[in-house]
Amino acid sequence: MTDSLRLRVAVDAPQHTGLAAPLDYRSQRPLVPGTLVRVPLGKREVSGVVWADDRSEPQAGELREISLALDVLPPLGVHWRALVDFTAAYYQRGTGEIALSVLPPELRKLDNAQLANRIAKLRKSVAKADPGASDTATATETATASTPPALNPAQADALTRIEALAAAGTPPTVLLNGVTGSGKTEVYLGAAARALEAGQQALVLVPEINLTPQLEARFAERFAGRCIVSLHSALTPAQRLRSWLAAHLGLADLVLGTRLAVFASMPRLGLIVVDEEHDPSYKQQEGARYSARDLAVYRGRLENATVVLGSATPSLESWQRGIEGRYVRLDLPARIGDGALPRVRLVDMTQQPKSHGANTALSPPLVAALRERIAHGEQSLVFLNRRGYAPVLHCADCGWKSGCPHCSAWRVFHKLDRTLRCHHCGFTERVPRACPDCGNLDIAPIGRGTERLEEQLAEVLKDADGKPPRIARIDADSTRLKGALEAQLGAVHAGDVDVLVGTQMVTKGHDFRRVTLVAAVNPDSSLFSSDFRAPERLFALLMQAGGRAGRDAAHAARSEMWVQTWHPQHALYAALRTHDFGAFAAAQLKEREMAGLPPYSHLAILRADAHTTEAARAFLHAAAQLAATLPGADAVMLYPPVPLGVARVANVERMQMLVESASRVALQRLLALWLPELHALRRAPAEGAARILRWAVDVDPLSI
Ligand code: ADP
Ligand code: ZN
Ligand code: ZN
């Protein structure tokens, strides 16, 4: 016993076990912190990471022994562990839970021999620089890198500032604010080139998997001969392990990925880029609800790496930090080649003639504009944030509506496969021939989604011979099959499409060269949403959508962004007209300040799911009473529990309670004291209260 050591190990245990901190184990030999291990936990064997070593002797018989040390893998670094520690503490999860959930799942399965084999193979393929070795790791010694364009003054200035600050020993967090097409990506490439020249690794985050191939191509072209890997959830387990290993072993110079890549282990990290930093996709919406954008900033400070947050419409949190001087804001004020931004045209729907049938969604001036584009051989993009044919079916005789029996939501009518589908729980049925309640044969769709919009566009845009234009639709339904999105996009790029219809999926990042008109059919609902971030999101969406038009300088002057609205006087649209993000942000920040909302306060949400509303509410009430007894409770405000927007999903009632504080520290302190107690509260419900199914906390929630 005298020879064995006590080690603390972060183990792979889900949150509900309440095992938040690393556990003690015994080892016959010393293992450095960061070593991957297998350990017994209850009746199972789980993966873990050695978190710290403790030379004191374990008490005999008390501790279980580490089963296996995967020491062919170099240990995870001190910075990586610090990032995991911070994430676990800040988002109130277990250390081991975070550590293991952000490592490639394959690492839990392989033994030392298998792992050694993978590492050897990887080293060989990178050394050989075989471009055909894999589609996730590109290393081409032979190809020549493309030369960068001469930067314009704003770009050059931005790069010089970034470089100067890094050289002065204080790598900055930069907020790079520039409209679409202003050359932000070129600045990322420049900053990455400098990092690589200095022998560092660069990490580039994008919000959507769909955008990685495009960006990867651009980086691969510029950095031919360098090893570039991507990390996102659509990779096979083997690919993900390979990319991760390349980063961890320092073989990869560049790592491109989605939010999970913020945890990539990179021993020489010098630069982190977060493209479209305002995008809600950076916030994980389940499990550990972390913000990869915020963690990128934290990681930059931790590792002394430069962080570049890029956006045309920064999050108000980042914008505010720019104002406070905590971030260095750098502007790219104009489009490359002085390309004009699309002219914004508001269609006042209150002034449009009352119409029926297909024309209700599409105003006469918009239809005329679309026809004109088709006649010129130019493309238009029409978007509507609602998929399916119609959001609800309705019987005018008895008032029946296509509700979901399991959710407090309507089932959406999908005409193509004649189904009623619940978008919350997935419950799907054939469309009934007649009203299920009264037998009326005349049940009608109310409202419209992208399927119906596509149909209506085909109708109103027919030519003199009655031939409809070529329309493509891009939404979650039309792109469900593998390769479907690529095929649709290919058709648009090839010019085989006149009008592209879609949800906000079409507005993100795509470089459409022939689009000269973008139209938002019905964006108003976000103006009056109960979610205080809805206007911010709408503005970003419309700016981004507008950015799809006129990307080709030759057409830029003709490009237009149409917005059909019943509230043309709204301040948001006024700011949109002048592309004035600064004015919009200033107005929003003023409102937030008066209402005491983020970034002027800090929020968390405690959620409870149960079979009944009463049980969920009782749990939250009991939790609130418990919180009130804790030290520091007076610095934090708890709001009464309320049901979520869609309260019931798949027969589960969902309630939430908002927790607010003017001080981030006070909020964190209370959460840290409070949440561990909730495990016990859940196991032993207060008198009269039924059990809940689960609870969860969301720190810095994005949707309220
Ligand atoms: P953003 O990322 O802001 O949308 P990009 O960096 O993609 O902008 O630039 C838009 C287009 O302009 C791209 O095709 C890019 O190659 C080109 N571009 C960027 N900077 C320059 C420059 N200094 N000179 C010429 N072309 C440039
Ligand atoms: Zn009926
Ligand atoms: Zn449902």
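The structure displayed is predicted, hence computed values, not measured ones.
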Handout entry: Glu186/Arg218 ion pair, N-O < 4.0 Å
Key = yes

Practice task
Could you pull out the closest heavy-atom pair between Pro568 and Leu346, with the gap in Å?
Solution key: O-CD1, 3.7 Å

Handout entry: Pairwise side-chain contact, Leu260 with Val102, heavy-atom cut-off 4.5 Å (strictly under)
Key = no

Problem - Whether His248 side chain and Pro74 backbone form a donor-acceptor pair below 3.5 Å - result: yes

Problem - Heavy-atom pair of closest approach, residues Ala575 and Phe584 - result: CB-CB, 3.8 Å

Problem - Non-hydrogen side-chain atoms of Ser526 and Arg537 separated by less than 4.5 Å - result: no

Exercise for the section: Quick one: pull up CD in Gln320 and CG in Leu316 and give me the separation to the nearest 0.5 Å. Expected result: 9.0 Å

Problem - Test side-chain contact (heavy atoms from CB on, under 4.5 Å) applied to Leu667 and Leu603, step by step - result: CA-CA 8 Å; Leu667 178 62; Leu603 301 178; 5.7 Å; no

Under 3.5 Å, sequence neighbours excluded: what are the donor-acceptor pairs made by side chains of residues 587-596?
unit_1, atom_1, unit_2, atom_2, d
Arg592, NH1, Pro598, O, 2.9
Arg592, NH2, Glu536, OE1, 2.7

Exercise for the section: Would you mind reporting whether Asn177 and Leu332 have side-chain heavy atoms less than 4.5 Å apart? Expected result: no

Exercise for the section: Side-chain contact test, heavy atoms from C-beta onward, threshold under 4.5 Å: evaluate it for Leu203 versus Leu271 and give yes or no. Expected result: no

Problem - Reported CD-to-OG1 distance for the pair Glu276 and Thr180, which is rounded to 0.5 angstrom - result: 8.5 Å

Exercise for the section: Indicate yes or no for a side-chain donor-acceptor contact from Gln564 to the backbone of Val521 under 3.5 Å, with no hydrogens or angles considered. Expected result: yes

Problem - Residues that Thr479 engages under side chain to side chain donor-acceptor pair (under 3.5 Å), provided they are two or more places apart - result: none

Exercise for the section: Could you tell me whether the side chain of Arg548 and the main chain of Leu381 form a donor-acceptor pair under 3.5 Å? Expected result: no

Problem - Stepwise side-chain contact (heavy atoms from CB on, under 4.5 Å) test for Val328 and Leu175 - result: CA-CA 6 Å; Val328 178; Leu175 179 59; over 6 Å; no

Practice task
Given side-chain contact (heavy atoms from CB on, under 4.5 Å), test His278 with Gln544 step by step and report yes or no.
Solution key: CA-CA 11 Å; His278 65 279; Gln544 186 144 29; 3.9 Å; yes

Handout entry: Gln569 atom CD: more than 12 heavy-atom contacts under 6.0 Å
Key = no

Handout entry: Exam field: side chain Asp475 to backbone Gly502, donor-acceptor pair closer than 3.5 Å
Key = no

Exercise for the section: Let me see the working for Trp319 and Tyr327 under ring-ring contact (aromatic ring centres under 6.0 Å, His included), right down to the final yes or no. Expected result: CA-CA 9 Å; Trp319 189 254; Tyr327 295 171; over 10 Å; no

Exercise for the section: For the residue pair Ser315 and Arg293, confirm or rule out a side-chain donor-acceptor distance under 3.5 Å. Expected result: yes

Completion exercise
Ser559 and Leu341 have their tightest heavy-atom pair at OG-C, 4.3 Å

Practice task
Examine the side chains of Thr565 and Asp524 and answer whether a donor and an acceptor come within less than 3.5 Å of each other.
Solution key: yes

Handout entry: Nearest atoms (heavy-atom pairs only) where Ser230 meets Leu235
Key = O-CD1, 3.2 Å

Practice task
Report the distance from atom CG of Leu366 to atom CZ of Arg345, rounding to the nearest 0.5 Å.
Solution key: 10.0 Å

Exercise for the section: Could you tell me if the ring centre of Tyr290 sits under 6.0 Å from that of Phe263? Expected result: yes

Practice task
Verify, without hydrogens or angle tests, whether Asp253 (side chain) and Gln201 (backbone) share a donor-acceptor contact under 3.5 angstrom.
Solution key: no

Fill in the blank from the handout: Residue set satisfying ring pair (Phe, Tyr, Trp, His ring centres under 6.0 Å) with Phe383, at least two apart, ordered chain then number -> none

Exercise for the section: Considering only NZ, NE, NH1 and NH2 on the basic side and carboxylate oxygens on the acidic side, decide whether Arg289 and Asp700 come within less than 4.0 Å. Expected result: no

Handout entry: Distance-minimising heavy-atom pair for Ala369 and Leu517
Key = CB-CD1, 3.8 Å

Practice task
With the side chain counted from C-beta on, respond yes when Leu500 and Val515 share a heavy-atom pair under 4.5 Å apart, and no when they do not.
Solution key: no

Problem - Close side-chain approach of Leu245 and Arg242, heavy atoms under 4.5 Å - result: no

Exercise for the section: Return the set of residues passing side chain to side chain donor-acceptor pair (under 3.5 Å) with Thr306 (not counting sequence neighbours), or none when no residue passes. Expected result: none

Handout entry: Side-chain (Lys184) to main-chain (Val179) donor-acceptor, under 3.5 angstrom
Key = yes

Practice task
Using side-chain contact (heavy atoms from CB on, under 4.5 Å) as the criterion, point out the one residue from Glu378, Glu560, Gln379 that pairs with Thr516.
Solution key: Glu378

Practice task
Verify the ring-centre separation between His567 and Tyr573: is it less than 6.0 angstrom?
Solution key: no

Practice task
Locate the shortest heavy-atom distance separating Val347 from Trp562; write the atom from each residue and the value.
Solution key: CG2-CE3, 3.4 Å

Problem - Gap separating the CG atom of Leu176 from the OG atom of Ser182, nearest 0.5 angstrom - result: 7.0 Å

Practice task
Return the set of residues passing side chain to side chain donor-acceptor pair (under 3.5 Å) with Arg240 (not counting sequence neighbours), or none when no residue passes.
Solution key: none

Exercise for the section: Measure the shortest side-chain to side-chain distance between Val501 and Ile474 over non-hydrogen atoms and say whether it is less than 4.5 angstrom. Expected result: no

Handout entry: From Thr258 atom OG1 to Leu205 atom CG, the distance as rounded to the nearest 0.5 Å
Key = 8.0 Å

Practice task
Applying side chain to side chain donor-acceptor pair (under 3.5 Å), name anything that partners Arg514, two or more places apart in sequence or on another chain.
Solution key: none

Practice task
Keeping the roles fixed (side chain from Ser318, backbone from Pro314), state whether a donor-acceptor pair exists under 3.5 Å.
Solution key: no

Handout entry: Atom pair OG/CG of Ser311 and Asp279 - distance to nearest 0.5 Å
Key = 9.0 Å

Practice task
Would you confirm whether Arg268, through its side chain, and Gly199, through its main-chain N or O, come within 3.5 Å as a donor-acceptor pair?
Solution key: yes

Exercise for the section: State whether the side chain of Arg222 and the backbone N or O of Leu189 hold a donor-acceptor pair below 3.5 Å, judged by distance alone. Expected result: no

Exercise for the section: Go through the steps for Ile162 and Val187 under the test side-chain contact (heavy atoms from CB on, under 4.5 Å), then give the verdict. Expected result: CA-CA 10 Å; Ile162 293 170; Val187 174; 4.2 Å; yes

Problem - Exam field: side chain His579 to backbone Pro342, donor-acceptor pair closer than 3.5 Å - result: yes

Handout entry: Atom CZ of Arg577 with >12 non-hydrogen neighbours under 6.0 angstrom
Key = no

Handout entry: Side-chain heavy atoms of Leu254 within contact of Val229, under 4.5 Å
Key = no

Problem - Residue pair Arg533, Glu317: steps toward the salt bridge (charged side-chain N to carboxylate O under 4.0 Å, His left out) verdict - result: CA-CA 11 Å; Arg533 281 199 182 84; Glu317 283 80 0; 2.8 Å; yes

